[in-house]
J.: 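One structure, as structure tokens, below. Some questions next.
Please read these numbers as outputs of a predicted model, since none were measured by experiment.
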Amino acid sequence: MIKIKKKKKKQMREEETPRRRSRRKRRRLNPRVIPVLIALGLILVVSIFLICKMLYEKYSPSKEWVDHNEYFDLRDDQEMAVILDNELLGDKARFIDGKVYLHVETIYQHLNSRFYWDATENLYLYVLPTELVSVGVGSSEYTIAKTKQSEDYVILRADGSDAYVALDFLKKYTNFTYEHWEEPNRVHIVTEFGSKDVVTAQRKIPVRYKAGIKSPIVAEAEKGAVMYTLDEPEEIGEWTKVLTKDGYIGYVQNKRISADFQEEVSAPEFDEPEYTNVSKDYTINLSWHQVTNMDANEYLLSRIADTKGLTTISPTWFSIADTDGNISSIASQSYVDYAHQQGLEVWGLVDNFAEGVSTYETLSRTSSRQRLINQLAAAAIQYGLDGINVDFEMITEDCGRAYIEFIRELSIMCRINNIVLSVDNYVPTSSSSQYYRAEQGVFADYVIIMGYDEHYAGSETAGSVASYGFVEQGIKKTLEEVPAERVINAVPFYTRFWRTDEDGEVSSEALGMDGADAKAANNEVEPTWDEQTHQYYIELEYEGSIYQMWMEEERSIEEKMKLIKQYNLAGVASWRLGYERPSIWDVILKYVN
């Protein structure tokens with residue numbers, strides 16, 4: 001029995017062996033599959049690597065730095081970037097012999113618009129209350145009231161048509177501080193003082209060009225470094241725009257900085273010039289007296305005979321005669337003496353109405369501008385004038401800076417000699433900003449609004465000379481720039497009688513008050529009150545033409561005087577003496593007494 005069992009086991013082992021071998025054969029890999037598997041493995045490894053690289057590139061911070069010369073747009077070794085308060089300007093300064101020089105236009109636009117650059121005569125000027133500061137190109141000397149002073153550096157440098165002024169010189173007359181650095185050249189000028197929002201770096205952090213970790217690095221802030229925070233018009237999420245203390249503007253992550261706090265930026269010790277003004281202790285009632293020749297001076301007595309409450313008379317005596325700054329004059333000593341006997345001040349008027357004489361050419365050159373000022377001041381002293389009234393009209397935009405410089409420089413002579421300086425202006429519009437009324441309000445004693453010529457001889461449509469809304473708008477706009485105690489509003493003593501032909505051609509004639517009444521009476525037209533213009537109005541049709549008139553008389557003038565009182569103005573002026581009727585003075589007197 002035992003033998004039989006052993007035999008069966010042996011036989012079973014012999015029968016199972018081929019089956020096991022068959023299974024082993026099936027487990028062996030096909031040699032042709034191995035390369036495929038290797039390739040798939042490599043692809044997997046590479047894919048993982050690329051994914052990791054992509055994730056790293058996407059989420060890891062960039063270590064790239066900006067090119068600082070490109071960042072500041074510096075093209076040579078002398079160019080210097082300008083950071084003004086919190087803004088990187090497009091303008092460039094110059095760095096020469098260890099000094100920072102700012103372009104004259106940059107100074108005008110951003111630092112101090114009272115500096116004046118005379119490109120024709122290469123002079124740089126600044127008006128102080130009683131002195132004129134002057135410096136020439138390439139000089140280390142400057143003049144104050146004809147006295148020479150000097151610095152240990154060149155004050156004013158020229159490079160072709162460009163001129164640059166040393167910041168150290170500007171600091172004498174302008175309230176600012178500055179700090180500059182080299183490599184790259186940059187200067188930070190501060191004109192705004194007081195509390196500033198700042199943050200500090202919690203550790204050494206990059207300041208990036210834009211808000212994002214992939215943006216290149218502009219600068220690095222050391223741990224504890226203080227940075228000014230800047231306003232950002234758009235939401236930038238987890239980033240804050242900053243200005244570093246060494247002049248770089250960029251972005252830092254909020255999680256790497258402290259919360260905002262305040263730092264006080266102290267202003268330097270600086271004495272602002274005080275431009276004093278003459279201020280009368282009464283309400284001014286001025287009238288312009290149109291004098292066209294010497295003989296017309298003799299009519300003063302008859303012109304003022306029926307006036308009441310008149311304080312000031314302004315005869316049209318002076319005019320720019322040529323571009324060298326000479327004046328023509330029809331001034332009369334007997335006229336001044338008689339006016340003074342009647343208790344009237346005399347403010348001699350100077351205009352720019354002479355044909356063929358360029359106002360721009362006269363005022364833009366310092367030599368001709370000074371000659372004009374000196375001749376006006378000499379005439380005022382010679383005749384004992386109480387004031388000078390400047391009536392320069394049609395000032396072009398390119399003449400604006402020279403014009404206001406003329407007013408500034410003329411104010412020196414007036415202030416020294418106690419002469420009242422008044423300046424005539426159109427009703428403010430966007431096209432008359434070059435008159436710089438705000439500056440006039442600083443340097444002149446009185447700014448006069450010529451509150452008329454809403455419609456004038458050259459108008460293409462008929463209309464009021466001075467409607468109520470037009471006058472009020474002129475007053476309100478002027479008061480946005482000039483204190484009320486220095487503003488005088490001028491009213492018209494004339495009106496225009498308009499004719500509009502069938503073909504639309506418009507013409508008019510100027511009439512005094514009695515003349516306007518006569519027109520209405522002769523045409524048998526009864527004037528009606530117009531609530532919109534606050535004037536009496538007539539209209540008639542004759543032989544196909546339409547005739548219209550918006551009249552100036554007692555009621556319309558009183559409406560304008562109410563505005564002068566309502567806005568607490570310094571007084572009233574009127575154009576022109578002789579066009580009014582005597583009863584007008586009783587109306588005016590109610591508001592200027």
J.: With a sphere of 6.0 Å drawn around CD of Glu541, does it hold more than 12 non-hydrogen atoms of other residues, nucleotides or ligands?
T.: yes
J.: Can you tell whether the side chains of Glu439 and Arg114 come within less than 4.0 Å, N to carboxylate O?
T.: yes
J.: With no hydrogens and no angle check, is any side-chain donor or acceptor of Arg486 less than 3.5 Å from a backbone partner on Ala444?
T.: no
J.: Donor-acceptor pair, Gln434 side chain versus Ile395 backbone, under 3.5 Å?
T.: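 Confirmed, Gln434 side chain pairs with Ile395 backbone.
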J.: So, the side chain of Ser314 versus the backbone of Trp347: is there a donor-acceptor pair under 3.5 Å, distance only?
T.: yes
J.: Sub-3.5 Å donor-acceptor pair from the side chain of Asn297 to the main-chain atoms of Tyr335, do we have one?
T.: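 Side chain of Asn297 to backbone of Tyr335, a donor-acceptor pair under 3.5 Å: no, none is there.
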J.: Counting distance only, does the side-chain N/O of Asp503 pair as donor-acceptor with the main-chain N or O of Glu505 below 3.5 Å?
T.: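 Answer holds: yes.
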J.: CG of Asn417 to OG1 of Thr130: how many Å apart, nearest 0.5 Å?
T.: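 Spacing of CG (Asn417) from OG1 (Thr130) equals 11.5 Å.
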J.: Output yes when Glu509 and Lys519 qualify as a salt bridge under the 4.0 Å nitrogen-oxygen rule, no when they do not.
T.: yes
J.: If you count heavy atoms of other groups shown closer than 6.0 angstrom to NZ of Lys565, is the number above 12?
T.: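 No - once you tally the heavy atoms of other residues, nucleotides and ligands closer than 6.0 Å, there are 12 at most.
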J.: Atom CH2 in Trp550, atom CD1 in Ile538: separation rounded to 0.5 Å?
T.: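 It is 10.0 Å, given to the nearest 0.5 Å.
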J.: Here's a test for you: under salt bridge (charged side-chain N to carboxylate O under 4.0 Å, His left out), which of Glu552, Glu554, Glu553, Glu472 qualifies with Lys560?
T.: Glu552
J.: Between Glu454 (side chain only) and Gly463 (backbone N and O only), is there a donor and an acceptor less than 3.5 Å apart?
T.: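 A pair under 3.5 Å: no.
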J.: Would you name the heavy atoms of Asn389 and Trp288 that are closest together and state the gap between them?
T.: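 Of all heavy-atom pairs spanning Asn389 and Trp288, the closest is OD1-NE1, 3.0 Å.
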J.: Quick one: does any side-chain atom of Ser574 pair with a main-chain N or O of Val491 as donor and acceptor, under 3.5 Å?
T.: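 No, the answer is negative, given that no donor and acceptor are paired below the 3.5 Å cut-off.
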J.: Quick check, are the ring centers of Tyr456 and Tyr452 under 6.0 angstrom apart?
T.: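 Centroid distance Tyr456-Tyr452: not below 6.0 Å, so no.
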J.: Would you indicate whether Glu272, at its atom CD, is surrounded by more than 12 heavy atoms from other residues, nucleotides or ligands within a distance under 6.0 Å?
T.: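 Correct, the count exceeds 12.
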J.: Could you give all pairs that pass the ring pair (Phe, Tyr, Trp, His ring centres under 6.0 Å) test and reach residues 466-487, with sequence neighbours left out?
T.: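 Those involving residues 466-487 are Tyr468-His534.
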J.: Just distance, no hydrogens or angles: give the donor-acceptor pairs under 3.5 Å from side chains in residues 399-407, sequence neighbours left out.
T.:
from	atom 1	to	atom 2	distance (Å)
Arg401	NH1	Glu105	OE1	3.0
Arg401	NH2	Glu105	OE2	2.8
Glu405	OE1	Arg408	NH1	2.9

J.: Could you tell me which non-hydrogen atom of Leu363 sits nearest to which non-hydrogen atom of Tyr116, and how far apart they are?
T.: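 Scanning both residues, the minimum pair turns out to be O-OH, 4.2 Å.
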J.: Using a 4.5 Å cut-off on heavy atoms from C-beta on, say whether the side chain of Val357 contacts that of Asn352.
T.: no
J.: Evaluate the criterion side chain to side chain donor-acceptor pair (under 3.5 Å) for residue pair Glu558 and Tyr591; output intermediate values, then yes/no.
T.: CA-CA 9 Å; Glu558 183 161 15; Tyr591 296 90; 2.7 Å; yes
J.: Please verify the inter-ring angle class for Trp117 with Tyr124; under 30° counts as parallel, over 60° as perpendicular, anything in between as tilted.
T.: tilted
J.: Which is it for Ser279 and Asn277 under the side chain to side chain donor-acceptor pair (under 3.5 Å) test, yes or no, and what are the steps along the way?
T.: CA-CA 6 Å; Ser279 181; Asn277 300 88; over 6 Å; no
J.: If you define the side chain from C-beta out and look only at heavy atoms, does anything of Phe392 sit under 4.5 Å from Ile320?
T.: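 Result yes, sub-4.5 Å side-chain heavy-atom pair found.
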J.: Checking side-chain contact (heavy atoms from CB on, under 4.5 Å) for the pair Met413/Ile419: CA distance, chi angles, key distance, verdict?
T.: CA-CA 8 Å; Met413 296 300 291; Ile419 298 169; over 6 Å; no
J.: Is the backbone of Arg365 close enough, under 3.5 Å, to the side chain of Ser368 for a donor and an acceptor to pair up by distance?
T.: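 Checked: pair present.
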J.: Is the count of non-hydrogen atoms from other residues, nucleotides or ligands lying under 6.0 Å from Lys171 atom NZ greater than 12?
T.: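 Above 12, so yes.
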J.: Below 30° counts as parallel, above 60° as perpendicular, anything between as tilted: where do the rings of Phe497 and Tyr547 land?
T.: parallel
J.: With side chain to side chain donor-acceptor pair (under 3.5 Å) as the criterion, how do Asn112 and Thr174 come out once you've worked through the C-alpha distance, each side chain's angles and the decisive distance to 0.1 Å?
T.: CA-CA 7 Å; Asn112 190 335; Thr174 310; 2.9 Å; yes
J.: Determine all donor-acceptor pairs shorter than 3.5 Å in which one atom belongs to a side chain in residues 373-384; sequence neighbours excluded.
T.:
from	atom 1	to	atom 2	distance (Å)
Asn374	ND2	Gln370	O	3.2
Gln375	OE1	Ile327	N	3.0
Gln375	NE2	Asn326	OD1	2.7

J.: What is the distance from atom CG of Asp586 to atom NZ of Lys308, rounded to the nearest 0.5 Å?
T.: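 Output value for this atom pair is 3.5 Å.
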J.: Heavy atoms only: give me the nearest Asn122-Leu156 pair and the separation to one decimal.
T.: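 What the structure gives for the nearest pair is O-CD2, 4.4 Å.
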J.: State whether the number of non-hydrogen atoms from other residues, nucleotides or ligands found under 6.0 Å of Tyr282 atom OH is greater than 12.
T.: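 Atom OH in Tyr282 is crowded, with more than 12 foreign heavy atoms closer than 6.0 Å.
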J.: So which atom in Leu577 and which in Ile304 form the shortest heavy-atom distance, rounded to 0.1 Å?
T.: CD2-CG2, 4.1 Å
J.: Compare all side-chain heavy atoms of Asp91 with those of Gln109 and state whether any distance is below 4.5 angstrom.
T.: no
J.: Mark yes or no for whether Asp445, through its side chain, and Val278, through its backbone, hold a donor-acceptor pair below 3.5 Å.
T.: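 Checked: pair present.
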J.: Would Ser134 and Thr143 satisfy side chain to side chain donor-acceptor pair (under 3.5 Å), going step by step from the backbone distance to the final call?
T.: CA-CA 5 Å; Ser134 174; Thr143 302; 5.5 Å; no
J.: Please step through side-chain contact (heavy atoms from CB on, under 4.5 Å) for the pair Glu87 and Leu89, ending with a clear verdict.
T.: CA-CA 6 Å; Glu87 179 185 3; Leu89 301 182; 3.8 Å; yes
J.: For Lys477, is the NZ atom crowded, meaning more than 12 foreign heavy atoms sit under 6.0 Å from it?
T.: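 For Lys477, atom NZ is not crowded (no more than 12 foreign heavy atoms under 6.0 Å).
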J.: Indicate yes or no for a side-chain donor-acceptor contact from Asn175 to the backbone of Phe270 under 3.5 Å, with no hydrogens or angles considered.
T.: no
J.: How many angstroms lie between atom CZ of Arg303 and atom OG of Ser287, to the nearest 0.5 angstrom?
T.: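 Taking CZ in Arg303 and OG in Ser287, the distance rounds to 10.0 Å.
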J.: Work out which heavy atom in Pro428 is nearest to a heavy atom in Gly474; give both atom names and the distance.
T.: CD-O, 3.7 Å
J.: Please report the shortest heavy-atom distance between Met549 and Ala516, naming the atom on each side.
T.: CE-O, 3.3 Å
J.: For the side chain to side chain donor-acceptor pair (under 3.5 Å) test, which of Arg499, Gln548, His455, Arg496 pairs with Ser508?
T.: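 Checked Arg499, Gln548, His455, Arg496 against Ser508; only one passes side chain to side chain donor-acceptor pair (under 3.5 Å): Arg496.
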J.: In terms of heavy-atom contacts, does CG of Asn418 have more than 12 from other residues, nucleotides or ligands at under 6.0 Å?
T.: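 At most 12 heavy atoms, drawn from other residues, nucleotides or ligands, come within 6.0 Å of this atom.
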J.: Can you classify the ring geometry of Phe115 versus Phe169 as parallel (below 30°), tilted (30 to 60°) or perpendicular (above 60°)?
T.: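 Phe115 and Phe169: tilted rings.
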J.: Decide yes or no for Ile284 and Glu345: does some side-chain heavy atom of the first lie under 4.5 Å from some side-chain heavy atom of the second?
T.: no
